[in-house]
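To start, the structure under review is shown below, and the notes come after it.
Quick note: residue numbers are just sequence positions, from 1.
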Amino acid sequence: MPRPETPALTVDVVIELEGGGVVLIERRHPPHGWALPGGFVDVGETVEAAAVREAREETSLDVELLELLGVYSDPARDPRGHTVGIVFIGRATGEPRAADDAKNVAVFDPAKPPPLAFDHDRILADYRRRRS
């Protein structure tokens, strides 16, 4: 029996830095804009390993995952196609540097982010509620 078509699996990380703020990347590839660091889970990889890998690839930070924030599955969340995103809250120290798919990286007050790609405004709103 053939396998059914399913949504692509992604991960994102709300990276908290010491001293406050969260790390966002400016995307190098479409859809452009600011976003949480993240990406697609590779076959044979756990979602936790993918989150740490994607965070390192895009921000040059070694992230410690603290907790699961949520699972986001709105079929319209990514204009490239249906994805299911697993979002973690993580912690890191150091100075983020843009790499890989990130054109730029910056630290923002989670209550005052720039316009965000995908559904990352909803994710940051959930994060703020969790942390309040």
Side-chain angles (χ1 to χ4, degrees):
M1 171 186 258
R3 293 181 64 164
E5 184 177 334
T6 61
L9 185 59
T10 67
V11 290
D12 295 299
V13 186
V14 179
I15 303 173
E16 301 173 333
L17 283 184
E18 285 183 356
V22 296
V23 178
L24 298 176
I25 62 154
E26 185 177 12
R27 293 179 48 79
R28 183 179 308 277
H29 305 290
H32 295 290
W34 288 89
L36 295 164
F40 293 95
V41 178
D42 293 336
V43 172
E45 183 177 43
T46 67
V47 294
E48 295 86 356
V52 169
R53 174 184 54 77
E54 286 287 349
R56 185 180 313 112
E57 286 177 358
E58 294 181 343
T59 69
S60 305
L61 294 170
D62 289 320
V63 174
E64 172 192 3
L65 299 180
L66 303 175
E67 63 182 290
L68 176 68
L69 177 62
V71 177
Y72 298 82
S73 61
D74 183 336
R77 70 182 299 266
D78 187 330
R80 299 170 296 179
H82 189 180
T83 63
V84 172
I86 299 174
V87 182
F88 295 93
I89 298 172
R91 178 184 326 147
T93 58
E95 191 66 33
R97 291 185 328 274
D100 194 39
D101 293 337
K103 177 177 160 184
N104 194 7
V105 64
V107 179
F108 291 91
D109 177 336
K112 299 175 185 173
L116 297 170
F118 310 111
D119 59 351
H120 292 190
D121 54 344
R122 177 181 171 210
I123 294 169
L124 275 185
D126 290 348
Y127 167 77
R128 290 191 306 271
R129 277 191 292 280
R130 173 79 57 93
R131 287 298 192 237
S132 62

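- The line from CZ of R77 to CG of D119 is 4.0 Å long, rounded to the nearest 0.5 Å.
- The number of heavy atoms from other shown groups lying within 6.0 Å of CZ (R97) does not exceed 12.
- Between R28 and E57, no side-chain nitrogen of the basic residue sits less than 4.0 Å from a carboxylate oxygen of the acidic one, so the salt-bridge criterion is not met.
- I15 approaches P37 most closely through the heavy-atom pair CD1-CG, 3.8 Å.
- Atom CD of E95 is separated from atom OG1 of T59 by 11.0 Å, given to the nearest 0.5 angstrom.
- Screening L69, V11, L124, I25 for a side-chain contact (heavy atoms from CB on, under 4.5 Å) involving L36 leaves a single residue, L124.
- What you find for L61 and G94 is that their closest heavy atoms are CD2-C, 4.0 Å.
- With a 4.5 Å cut-off on side-chain heavy atoms, F88 and V52 do not count as touching.
- Looking only at distances, a side-chain donor or acceptor of R128 sits under 3.5 Å from a matching main-chain atom of P110.
- Defined by atom type and a distance below 3.5 Å, a donor-acceptor pair is present between the side-chain atoms of D126 and Y72.
- Counting heavy atoms from C-beta on, the side chains of Y127 and H120 never come closer than 4.5 Å.
- Separation of atoms NE2 (H29) and CG (D100) is listed at 7.5 Å; rounding is to 0.5 Å.
- D12 approaches G38 most closely through the heavy-atom pair OD1-CA, 3.5 Å.
- Taken from CD in E45 to CD in E54, the straight-line distance is 7.5 Å, to the nearest 0.5 Å.
- A salt bridge does not link R122 with D74: none of the charged nitrogens is closer than 4.0 Å to a carboxylate oxygen.
- In the hydrophobic clustering of ILVMFWY residues, with side-chain heavy atoms under 4.5 Å counting as a link, W34 and V107 come out apart.
- R3 contributes atom CZ, which lies 12.0 Å from atom CD of E5 (distance to the nearest 0.5 angstrom).
- In terms of heavy-atom proximity, V13 sits nearest to A55 at CG2-CB, 4.5 Å.
- Contact check on D101 versus R27 returns no salt bridge, with no Lys/Arg side-chain nitrogen under 4.0 Å from an Asp/Glu carboxylate oxygen.
- Note: E48 CD to R53 CZ = 13.0 Å, rounded to the nearest 0.5 Å.
- Shortest non-hydrogen contact noted between L17 and P96 is CD1-CD, 4.0 Å.
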